[in-house]
Amino acid sequence: NLIVMVKMIKNSDSLISLGQSETLHLSKFYKHKRIAQIPNGITQNILNYDISKIKKKDYIINVGKICKNKNQLKLIKIFKELNIDLYLVGAYSKTESSYVKLCKKEANHNIHFMGYIDNNSEKFIKLLSHAKLFILPSYKEVLPISVFESIALGTPVSCTRESNVSSYLDKHINYCNPNS
């Protein structure tokens, strides 16, 4: 395995780093390689945010592209019936525009479509940190960074096991069934 890895590095055009410290470390050993930094994790602004002064507000938040796999239509129907404010943060799926239209048609005064908000921005951090609950009832997920961000900001999380976070954060998450 090590021999294969060394061959892969030698034959590569560039290396990928997940952050500045990893880039610095790699650059010491691979001076002649291009190192592309592709952050994959919680931003420094979230890690540095003072959560001791956060006052929770009466709303629930969902972060992710508005699309069938994220299951926002079911959330909208539930929160509309419960008359609880739901903030949906995320870009609208271009390939599922009919689903986005259906979500918007189903919504009422307590459903707030926020669109895409940069997760490094003060607006995003405040929305996420002040929420009473972060909810992600997806049918499919890879590894949602928003779950990690929510926990880092002291916001309780409810998501499906389909999100693959159980091996990392099992004791910090309340699991929900996306079909229920």
Q: Specify the closest pair of heavy atoms between Cys67 and Ser93, including all atoms of both residues, with the distance to one decimal.
A: CB-CB, 3.9 Å
Q.
Within the 4.5 Å heavy-atom criterion, are Phe124 and Asp118 side-chain neighbours or not?
A. no
**Q.** Minimum heavy-atom distance Val147-Phe134, with the two atoms named
**A.** CG2-CE2, 3.8 Å
Q: Measure the shortest side-chain to side-chain distance between Ile61 and Ser146 over non-hydrogen atoms and say whether it is less than 4.5 angstrom.
A: no
Q: Could I get the full list of salt bridge (charged side-chain N to carboxylate O under 4.0 Å, His left out) partners for Asp50, not counting sequence neighbours?
A: Lys53
Q.
Given Tyr139, which partner from the list Lys68, Lys70, Lys74 fulfils the side-chain hydrogen bond (donor to acceptor under 3.5 Å, both in side chains) test?
A. Lys74
Q. Between Lys28 and Leu24, does a side chain to side chain contact (heavy atoms under 4.5 Å, CB included) hold up when you go through it step by step?
A. CA-CA 7 Å; Lys28 289 178 188 175; Leu24 291 172; 5.5 Å; no
Q | Set of salt bridge (charged side-chain N to carboxylate O under 4.0 Å, His left out) partners for Lys80, sequence neighbours left out | A | Glu106
Q. Looking at side-chain heavy atoms only, is the closest gap between Leu153 and Ile46 below 4.5 Å?
A. yes
Q) Does the Glu149 side chain pair with the main chain of Ser129, one donor and one acceptor, at a distance under 3.5 Å? A) no
Q) Can you tell me if Lys33 uses its side chain to pair, donor with acceptor, with the backbone of Ser12 under 3.5 Å? A) yes
Q.
Which residue is it: Lys57, His109, His112? I am looking for the one with a side-chain hydrogen bond (donor to acceptor under 3.5 Å, both in side chains) to Asp85.
A. His112
Q | Distance in Å, Lys140 NZ paired with Thr160 OG1, rounded so as to fall on 0.5 Å steps | A | 12.5 Å
(Q) So, taking the atom named CG in Leu26 and the one named NZ in Lys31, what distance separates them when rounded to the nearest 0.5 Å? (A) 12.0 Å
Q: Would you confirm whether His130, through its side chain, and Ile54, through its main-chain N or O, come within 3.5 Å as a donor-acceptor pair?
A: no
Q | Connected-component partners of Ile111 among ILVMFWY, side-chain separation under 4.5 Å | A | Ile60, Ile66, Leu73, Leu75, Ile76, Ile78, Phe79, Leu82, Ile84, Leu86, Leu88, Tyr92, Tyr99, Val100, Leu102, Phe113, Leu133, Ile135
Q) So with a 6.0 Å cut-off around CD of Glu81, is the heavy-atom count from everything else above 12? A) no
Q) Can you tell me how far the CG atom of Asn119 sits from the CG atom of Asn45, to the nearest 0.5 Å? A) 9.5 Å
Q. Is Lys56 atom NZ crowded by more than 12 heavy atoms from other residues, nucleotides or ligands, each under 6.0 Å away?
A. yes
Q | Distance (rounded to the nearest 0.5 Å) between Leu15 CG and Met8 CE | A | 10.0 Å
Q | Nearest heavy-atom neighbours spanning Ile117 and Met114 | A | CD1-CB, 3.9 Å
Q | Tyr175 OH to Ser158 OG distance, which is reported to the nearest 0.5 Å | A | 10.0 Å
Q: Establish whether Leu136 and Tyr116 are linked, either directly or via other cluster members, by ILVMFWY side-chain heavy-atom contacts under 4.5 Å.
A: no
Q: Work out which heavy atom in Ser27 is nearest to a heavy atom in Ile35; give both atom names and the distance.
A: N-CD1, 3.5 Å
Q: Indicate, with yes or no, if Met5 and Tyr30 share a hydrophobic cluster defined by side-chain heavy-atom contacts under 4.5 Å among Ile, Leu, Val, Met, Phe, Trp and Tyr.
A: yes
Q. Within a reach of under 6.0 Å around CG of Asp13, are more than 12 heavy atoms found that belong to other residues, nucleotides or ligands?
A. no
Q. Going from OG on Ser121 to NZ on Lys126, what distance comes out if it is rounded to the nearest 0.5 angstrom?
A. 10.5 Å
Q | Where Thr155 and Leu128 come nearest, the two heavy atoms and their spacing | A | OG1-O, 2.6 Å
